[in-house]
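Order of the sequence lines sets the chain letters (A, B, ...), proteins ahead of strands, with each chain counted from 1.
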There are 2 protein chains.
Amino acid sequence: MATTSLPRTSNRSAVLAALLSGTEMDRQQLISDTGLSRATVFRIVDDLMAESLVREGARVLRDGPGRQSTSVAFDDRSALVCGIDLGGTNCRVVVADALGRAVIRSRDATPRDAGADELAAWVAGRVADLVARYGDGVPLTTVTIGLPGVVTGDGRSVVASHNLGQITGTRFIEAVSARFGVPTVVGNDSNLALLGELQYGSLPERETAVLLAMGTGLGSAVSLDGRVLVGRTGLLGEFGRLPLPGRDQRLRDLLSGADLVAYARGRGADVPTAQALFAEPEKHADLLAEVHGALTHLVTVVALAYEPGTVVLTGGFSESFGAARLAEISDRVAEAVGVRSVVRRADLGDSAGLLGSMASSLGRYYESLGVSTAHAASVAVDRDLVVGRLDACPTAPGAAGHDATTRTTHDDQMAEG
Amino acid sequence: MATTSLPRTSNRSAVLAALLSGTEMDRQQLISDTGLSRATVFRIVDDLMAESLVREGARVLRDGPGRQSTSVAFDDRSALVCGIDLGGTNCRVVVADALGRAVIRSRDATPRDAGADELAAWVAGRVADLVARYGDGVPLTTVTIGLPGVVTGDGRSVVASHNLGQITGTRFIEAVSARFGVPTVVGNDSNLALLGELQYGSLPERETAVLLAMGTGLGSAVSLDGRVLVGRTGLLGEFGRLPLPGRDQRLRDLLSGADLVAYARGRGADVPTAQALFAEPEKHADLLAEVHGALTHLVTVVALAYEPGTVVLTGGFSESFGAARLAEISDRVAEAVGVRSVVRRADLGDSAGLLGSMASSLGRYYESLGVSTAHAASVAVDRDLVVGRLDACPTAPGAAGHDATTRTTHDDQMAEG
DNA sequence: ACAATTCCTCTCACGCTGAGATTAATTCGT
DNA sequence: ACGAATTAATCTCAGCGTGAGAGGAATTGT
């Protein structure tokens, strides 16, 4: 019901969105950015300062005569948000300030043998510890967890997980939400990786894009017009399950690390890892042709299904495809079905999922402040700054209580998707 | 810019949306429906009456004591809208009042030999004639044309058409828009058919749905959350182009009327039409198994791509699949990939495209009145009434000037998609 | 005819916005 | 050092739209 206060909240949202870029601004600049009147902007900024969401910035010197304006800035100490990438091998955590600038991050071996409750307690405890030690008293407001499994559209249940069985069902999600005590959302890791690429990678935010997560499994994520699609049961985009007509195989039998090794053995090529196949291209020419054909077919399917501007590949298995090979696939798809999509590797590498989880948390925090989705979409984030801060921010020492001995970076990459 | 007048337009939109159901209403009912105050509702209704968008209705008798309320109703004579289904064989037109109730419809043989300009002039002239003769002086406001071809996302160009070559490019669209002189939009006929099914069929409006248009060609349309997807170049969902891995065929070679006949001949089955294959299932068992396999694969692809609640089939070719067969396909897909979608024939038959075009025109007319999309989605339309009126409304005599001799209903069905 | 009931019209206060006037701070010129 | 010029911040006020209530108008029952 459109009450009188509707413009107020909308204007507040516009001012907040302008400030969320993180840059210290003039009130004058807010006036011209939002198109609102002086009086309105001053009132809203006063309100925001009273809520201590906005603080006075250092004075910006202007060379002409006249009174100097006192600049204002969004208070990055108003809240902390948390993004988690819970993989089958490693669990990565980032805690960031209200502007998405990483404060602390960690990387621990996932306690894969733990049950649902135990795992939930471990994750929540780890984050609580990080916040307590490095959060400087700023409260944690929102948490997002990327999971290697099929998450239903309502985010209440995990349908299947190929390498972390204890998270299936509702128990883990309920337990971890209860432990955190702040709004906690779980999502599919591929979907969150795509969100990360959209927010902090070089993907145009409004362009249709598809992410193919090629690790031990094969997952994918789709964004249309800036929104990441989520099906009812979360199976949307699970093209790994697609049977190939005329043969007794699914797409993932050829395009996921785990299954390809098994298939290669069946064909007489006894290799330890999928990468080993690509290391000797002449020796395994037939097999590799099949793999390339399967990837071409997968790209063809997503090209027709979504007509994406870009298809990005992540995950350890995707490293086996060079840029030239991907360009060739793009050409073949364009020739076959008329849809031209750029096919390339993702920008953010294995940090995409972590950054996507953080972006999701950040988005929900902004929403809780009253930023409308329309305004949120127009927030100009400094991508390089955020990504750089993630790389540069301190890494917390390993978790106590659980042995985090075997940390193989390589395995973790393969566990994506 | 959120100005002060924002609530005004929003409230006006809410009142209009409540009235657009077409039922005569009390002002009191408007108050409770919209949640607005008495004064506001009265003012808005006064405004709408001054614009003659709303008229006084017949008095509704209430049995108790007290003053009788004068009911109001949206004025169905405020405007006419037009929906056109321009097929390769037939061209159907419906002119409807502002509530979507058909006033007049026509069905003529499409002048397939006409050039772009000539065809545009013919279509526009036909509609102008209908409006002049049966429109009772009510002005035509919006036109939507469904075309059997790939229409780009901006609606400015036709990329390809398998049975109406002269509409390709921008010339036809520009010519027809200029001739009409009112806002004219063109769209892919499959997309508009899905819109028709969503608005006036039994598809839940917010549920994800896929329409497979199986006629001479093979097209499809997808709606997510009530919105029909349109790709940049309009190739989104053109799964007919999907190559089948391991064989030198595309999906449409097996699933479109025209191509299946050619394929059957190549396999030694010399049949005149695709239907003839299905008439003798034992004789063509192998071929039919291939066709069923292809359809199963197509449903599998769309099931994974969009996770639809329902997959509806339209077009002459779809008649060859019985309900039992479709249920079996649904089962096989659910078993293979875990996505359960209802697979069935469409409700509206070959009128879906026409109704979808009309719905599109109607929607744009409502938008021009200031009904926000949020409110438009909640308009309760009486589906049976609208569909019934289309069937019952008078049909104009055939077009003069062009020979409309051969009107084979069957051919037209095959031309869908 | 009169009360009771219900619908409609009128008036007014509230909240928010935007425009202008006023005050405060700062630079430049003399 | 002091005032003119310039720019930022504050103050005041009218306009707009809404919602709430008071009063008038129409209709039914006794």
Side-chain angles (χ1 to χ4, degrees), chain A residues 1-19 24-51 54-73 370 372 375, chain B residues 1-19 24-51 54-73 370 372 375:
Chain A
M1 304 306 105
T3 66
T4 315
S5 65
L6 199 144
R8 178 180 210 176
T9 58
S10 170
N11 291 346
R12 176 193 155 107
S13 170
V15 171
L16 266 174
L19 285 167
E24 216 166 81
M25 306 179 91
D26 233 19
R27 285 183 177 80
Q28 319 301 322
Q29 198 175 335
L30 284 174
I31 291 165
S32 59
D33 280 13
T34 60
L36 299 172
S37 69
R38 271 189 298 283
T40 303
V41 169
F42 271 83
R43 261 189 302 263
I44 290 174
V45 170
D46 282 356
D47 289 356
L48 294 174
M49 284 179 137
E51 297 173 58
V54 164
R55 56 173 172 73
E56 266 193 16
R59 300 210 162 177
V60 176
L61 296 177
R62 184 177 33 74
D63 47 349
R67 182 174 177 174
Q68 306 244 28
S69 60
T70 57
S71 60
V72 294
S372 73
H375 287 138
Chain B
M1 306 299 104
T3 66
T4 316
S5 64
L6 201 143
R8 178 180 211 175
T9 58
S10 171
N11 290 348
R12 175 194 155 107
S13 171
V15 171
L16 267 174
L19 285 167
E24 214 166 83
M25 306 180 91
D26 231 22
R27 284 182 177 81
Q28 319 301 322
Q29 199 175 335
L30 283 174
I31 290 165
S32 61
D33 279 12
T34 61
L36 299 171
S37 69
R38 272 187 298 283
T40 302
V41 169
F42 272 85
R43 262 189 302 263
I44 289 175
V45 170
D46 282 355
D47 290 356
L48 293 175
M49 284 180 138
E51 296 174 61
V54 164
R55 58 173 170 72
E56 266 192 15
R59 300 211 161 174
V60 176
L61 294 177
R62 184 178 35 73
D63 49 348
R67 183 173 176 173
Q68 306 246 27
S69 60
T70 57
S71 61
V72 294
S372 73
H375 287 137

Rounded to whole angstroms, how far apart are CE on B:Met49 and C1' on C:dC8?
-> 13 Å
Roughly, in whole Å, what's the span from CD in A:Gln28 to C1' in C:dT26?
-> 14 Å
Of the candidate nucleotides D:dT18, D:dA9, C:dC16, which contains the atom at the shortest distance from the side chain of A:Arg8?
-> C:dC16
Quick one: list whatever passes side chain to side chain contact (heavy atoms under 4.5 Å, CB included) with B:Thr40, sequence neighbours left out.
-> B:Asn11, B:Leu36, B:Ser37, B:Arg43, B:Ile44
Provide, to the nearest angstrom, the distance between the CG atom belonging to B:Leu36 and the C1' atom belonging to D:dA20.
-> 14 Å
Do any of residues 65-72 of chain B sit with a heavy atom less than 4.0 Å from DNA chain D, and if so which?
-> B:Pro65, B:Gly66, B:Arg67, B:Gln68
Less than 4.5 Å apart, any side-chain heavy atom of B:Glu56 and any of B:Met49?
-> yes
Could you state the atom-to-atom distance from CZ of A:Arg38 to C1' of C:dA21 in whole Å?
-> 11 Å
With a 4.5 Å heavy-atom cut-off, do B:Thr70 and B:Arg27 have their side chains touching?
-> yes
Distance check: side-chain N/O of A:Ser37 vs OP1/OP2 of C:dA19, anything under 4.0 Å?
-> no
Give the rounded distance in Å between these two atoms: CD1 of B:Ile44 and P of D:dG19.
-> 9 Å
Whole-Å distance between C:dC7 P and B:Glu56 CD?
-> 15 Å
Considering only C:dG18, C:dC10, D:dA8, which nucleotide approaches the side chain of B:Ala39 most closely?
-> C:dC10
Would you find a donor on one side and an acceptor on the other, under 3.5 Å apart, between the side chain of A:Ser69 and the backbone of A:Asp26?
-> no
Separation of D:dC11 P from A:Phe42 CZ (nearest whole Å) | 11 Å
Residues that A:Glu51 engages under side-chain hydrogen bond (donor to acceptor under 3.5 Å, both in side chains), provided they are two or more places apart = A:Arg12
Which nucleotide in C:dG18, D:dT18, D:dA9 has an atom nearest any side-chain atom of A:Arg27 = D:dA9
If you look at every heavy atom in A:Ala73 and A:Glu24, which pair is closest and at what distance?
-> CB-CG, 3.8 Å
Has B:Asn11 got a side-chain N or O lying under 4.0 Å from the OP1 or OP2 atom of D:dT18?
-> yes
Let me know, please, whether A:Asp46 or A:Gly64 comes out on the 5' side of the other along DNA chain D by nearest nucleotide.
-> A:Gly64
Gap between atoms CZ and C1', on B:Arg43 and C:dC12 respectively (whole Å) = 12 Å
Does A:Ser372 reach the main-chain N or O of A:Ser13 with its side chain, forming a donor-acceptor pair under 3.5 Å?
-> no
